[in-house]
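Here the structure comes first, spelled out in structure tokens, and everything after it is commentary.
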2 protein chains.
Amino acid sequence: MAANRAYLDYNASAPLTDSARAAMIDALTVAANPSSVHTEGRAAKRMLEEARADVAALVNGRAEHVVFTSGATEAATMLLTPDWTMGRAPLRFSRLYVSAADHPCILKGGRFAADHVSQIAVTVDGLVDLDDLAARLAMHDRAAGLPLVAMHLVNNETGVIQPAAEIGRIAKQAGAVTVFDAVQAAGRIPLDISDGYADYLILSSHKMGGPKGAGAVVSAADLMMPAPLVTGGGQEKGHRAGTENLPAMAGFGAAAREALANLDRMPQIAAARDRIEDLVRTHVHDVAVHGAGAPRVANTSFFSIPGMKAETVQIAFDLAGVALSAGSACSSGRVGPSHVLQAMGFGGQASAVRVSIGHGSKAAEIDLFMAALAGIAKRRKSNAEAA
Amino acid sequence: MAANRAYLDYNASAPLTDSARAAMIDALTVAANPSSVHTEGRAAKRMLEEARADVAALVNGRAEHVVFTSGATEAATMLLTPDWTMGRAPLRFSRLYVSAADHPCILKGGRFAADHVSQIAVTVDGLVDLDDLAARLAMHDRAAGLPLVAMHLVNNETGVIQPAAEIGRIAKQAGAVTVFDAVQAAGRIPLDISDGYADYLILSSHKMGGPKGAGAVVSAADLMMPAPLVTGGGQEKGHRAGTENLPAMAGFGAAAREALANLDRMPQIAAARDRIEDLVRTHVHDVAVHGAGAPRVANTSFFSIPGMKAETVQIAFDLAGVALSAGSACSSGRVGPSHVLQAMGFGGQASAVRVSIGHGSKAAEIDLFMAALAGIAKRRKSNAEAA
């Protein structure tokens with residue numbers, strides 16, 4: 001990071017932590033394939049299994065219930081399928097229930113046909129509408145198959161924390177299986193898969209300070225599993241074929257260990273985020289901070305400056321040295337209206353910018369943000385007076 | 001690598017080259033998501049596109065025809081599907097033709113139902129039986145859909161080089177689309193996708209000295225593409241969703257560049273391999289070297305010691321400090337009969353050990369191999385005399 005730049009886009013991708021970097025560089029010296037049976041292969045497998053235990057520990061799960069993937073998107077596509085097995089018996093899910101504010105990797109329904117995906121409404125604060133969820137599940141046609149409920153635990157744009165226990169309770173009462181996308185939750189709020197609301201959790205390494213290219217499905221039990229997505233080898237107990245990506249998983253494991261240890265630093269992250277929001281409210285008195293009425297993770301702020309498109313604001317910040325985002329970074333170069341804000345009832349053209357910070361954020365970066373914001377607010381005021 | 005160990009298992013996974021390691025470590029400092037539009041994101045995207053150009057150059061392809069994946073197995077599962085599009089029109093493949101000696105990621109047929117996959121015979125030398133291919137394709141029911149032919153260019157166990165031009169010619173005459181698994185070919189023989197035999201090539205980074213967790217589909221044109229496997233974001237022009245794994249792709253690009261530059265070193269690799277085979281023939285006069293009657297890549301030797309199970313030989317070498325394999329390292333801890341040898345007509349229990357070397361192989365490793373081999377041959381002789 002250049003000294004004159006501030007990186008405030010952790011929800012898109014967080015910088016690698018020192019421990020994750022060290023674990024990766026160590027694992028890069030391992031030539032062997034972790035599935036090889038010789039001494040070198042077995043040593044590689046042991047490193048992989050240590051990483052698996054670290055990832056399991058982050059969500060109080062069991063290592064044998066972790067399936068490593070190339071990332072959260074692959075994990076979601078793997079889990080969101082009508083075709084599952086329970087032991088050796090086939091199990092059929094006939095309908096997928098997602099929230100309208102989910103990340104595209106959930107929202108698009110994975111391997112479900114589009115007309116077998118139902119979107120659950122969200123409130124103006126960005127919370128899943130529990131009444132809508134219960135009503136939709138009550139109408140589920142069980143003769144066709146089981147209901148699968150898949151939702152984010154923490155919204156990637158707003159940082160809003162969903163009422164997971166209630167979602168899980170409603171889903172379980174309807175006989176549904178639950179998948180929670182914990183990508184933006186892991187390392188920011190405590191997660192415990194033994195709590196019972198989640199049958200499956202989706203994790204991403206690079207959102208918590210681990211490397212890109214690593215993710216996981218963690219299951220509460222190993223009774224039911226989805227039809228494998230990537231096939232052709234027996235790796236990951238048959239759930240995910242392909243040579244295990246040891247360096248990435250070693251980095252993921254280290255990041256998970258560090259994220260778990262650093263959960264108690266969230267109050268400091270929240271204080272920095274609150275300072276950022278105070279600055280925004282000071283310079284832009286009519287700002288709208290989205291999801292502020294709901295529980296939020298410590299690191300995220302999503303706000304609109306009335307009269308300015310998010311794209312314009314994002315570019316102005318970038319020119320002033322501040323990297324932040326306008327929506328999610330999922331499509332090459334796309335910046336547009338936010339489907340999350342649309343789901344929250346703000347209209348199809350609503351947009352906002354997102355500040356997201358984390359383990360490596362420095363006070364100097366917030367100072368740079370403040371200077372950039374002051375400039376943007378000043379120009380906005382001049383433009384308004386000229387109009 | 002400990003000084004008293006020899007790593008002769010490059011076909012399972014090759015050590016990272018120095019340039020790939022340097023490129024990865026450099027890319028690990030990049031926090032940004034390559035799909036982010038801010039300065040940091042655009043810089044990350046440029047690094048990704050440089051890697052894409054390097055991978056394209058290895059097969060004389062075009063960068064815009066490279067889709068990055070998490071590895072060759074994912075690339076194969078992506079390509080081996082009945083559902084394709086040509087432009088926006090759907091295109092249906094009704095049958096997949098593979099060789100009986102393919103790697104499991106091809107052999108298992110990806111997203112084709114098992115009864116829509118036909119296995120083409122191979123000769124005793126491990127070459128695809130061209131008459132069988134032509135005969136099977138002649139019987140293809142075009143009313144049901146198009147034929148898709150997917151085969152390895154170089155066998156992972158024997159190192160045998162397939163007659164790609166002839167396979168391509170026969171397939172094209174039958175109106176088939178061709179996919180070649182070039183995982184064990186890339187960096188060992190020249191590859192040129194403009195030659196016309198291959199519509200799609202599958203590449204793996206970690207078999208050529210790049211990092212694990214990186215692979216690619218390279219297409220000869222962008223007219224037809226398979227239904228995406230991993231979905232939910234617009235990355236890779238919509239062909240593969242998920243945050244781009246920049247460090248892995250940067251390492252892959254560096255390895256591809258190095259592999260291309262080092263193709264002229266293959267005679268030295270071949271000389272080392274030939275020395276290994278001479279040693280084997282000296283100590284085991286009745287050894288069977290599989291595929292030796294066919295063209296082979298420079299780095300691979302696959303041989304059976306009569307009267308000894310490959311598993312036993314592999315363990316004996318490992319105890320003597322030599323890592324080599326008995327079959328492919330695709331299923332955790334599995335060592336058993338070779339389906340490749342079975343396809344070549346050696347019976348269902350046939351097994352062999354594979355020596356595979358490469359860019360980092362040292363003379364001292366071959367010396368260690370020789371000492372281990374001498375010990376194994378001596379014990380075999382004693383056992384035979386005692387029996």
Side-chain angles (χ1 to χ4, degrees), chain A residues 1 5 7 9 12-16 21 24-25 28 31-33 35-41 45 70-74 76-77 103-108 110 206 211-213 229-235 237 241-248 314 318 323-325 329-335, chain B residues 1 5 7 9 12-16 21 24-25 28 31-33 35-41 45 70-74 76-77 103-108 110 206 211-213 229-235 237 241-248 314 318 323-325 329-335:
Chain A
M1 189 70 53
R5 296 284 302 176
Y7 185 76
D9 201 8
S13 200
L16 201 62
R21 183 188 317 273
M24 281 195 84
I25 290 175
L28 288 178
N33 188 316
S35 288
S36 291
V37 296
H38 44 57
T39 300
E40 285 77 1
K45 177 59 69 79
S70 70
T73 296
E74 184 199 317
T77 314
H103 185 279
C105 77
I106 301 289
L107 197 62
K108 292 194 177 169
H206 78 108
K212 297 173 177 73
L229 179 71
V230 180
T231 57
Q235 292 91 348
K237 295 185 185 169
T243 299
E244 301 93 336
N245 187 353
L246 177 61
Q314 189 263 320
D318 191 24
L324 46 68
S325 85
C330 291
S331 297
S332 283
R334 184 193 65 176
V335 170
Chain B
M1 190 71 52
R5 296 284 302 175
Y7 185 76
D9 201 9
S13 199
L16 201 61
R21 184 190 315 274
M24 280 195 85
I25 290 174
L28 288 179
N33 188 314
S35 288
S36 290
V37 297
H38 44 57
T39 300
E40 285 78 0
K45 177 58 70 79
S70 70
T73 296
E74 184 198 318
T77 314
H103 185 278
C105 77
I106 301 289
L107 195 63
K108 291 194 177 169
H206 77 106
K212 297 173 177 73
L229 179 72
V230 180
T231 57
Q235 292 91 350
K237 296 184 184 169
T243 299
E244 300 93 337
N245 186 355
L246 177 61
Q314 188 263 321
D318 192 24
L324 47 67
S325 85
C330 291
S331 296
S332 280
R334 184 192 63 176
V335 170

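Just so it is clear: chains get the letters A, B, ... in the order the sequence lines come, proteins before strands, and each one is counted from 1. FYI, side chains are in, hydrogens and waters are out, and symmetry mates aren't considered; it's all heavy atoms of this structure. Values in this document were obtained by computation on a predicted structure and should not be read as measured data.
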Legend entry - B:E74 CD to A:E74 CD distance, which is reported to the nearest 0.5 Å: 6.0 Å

Legend entry - Rounded distance [0.5 Å steps], CG in B:N33 versus NE2 in A:H206: 6.0 Å

Legend entry - Where B:G232 and A:K108 come nearest, the two heavy atoms and their spacing: CA-CD, 4.0 Å

Legend entry - Check against side chain to side chain contact (heavy atoms under 4.5 Å, CB included), B:I25 and A:I25: CA-CA 8 Å; B:I25 290 174; A:I25 290 175; 4.2 Å; yes

Legend entry - Closest approach of A:N245 to B:G213 (non-hydrogen atoms, all atoms of both residues): ND2-CA, 3.3 Å

Inset, instruction - Could you tell me which portion of B:A14 (side chain, backbone, both or neither) has an atom closer than 4.5 angstrom to a non-hydrogen atom of chain A? - result: backbone

Legend entry - Least distance between heavy atoms, A:G242 atom then B:T73 atom: CA-OG1, 3.6 Å

Legend entry - Check: B:L28 main-chain N/O paired with A:K212 side-chain donor or acceptor under 3.5 Å: no

Legend entry - Among B:I106, B:L16, B:T39, residue most engaged with chain A (heavy-atom pairs, under 4.5 Å): B:T39

Legend entry - Contact origin within A:L324 toward chain B - heavy atom pairs under 4.5 Å: backbone

Legend entry - Structural part of A:A32 lying under 4.5 Å from a heavy atom of chain B: both

Legend entry - Closest non-hydrogen atom pair, A:P15 against B:A31: CA-CB, 3.7 Å

Inset, instruction - Heavy-atom distances under 4.5 Å only: say whether A:T77 touches chain B with side chain, backbone, both or neither. - result: side chain

Inset, instruction - Mind checking the OG-CD spacing from B:S36 to A:Q314? Nearest 0.5 Å is all I need. - result: 8.5 Å

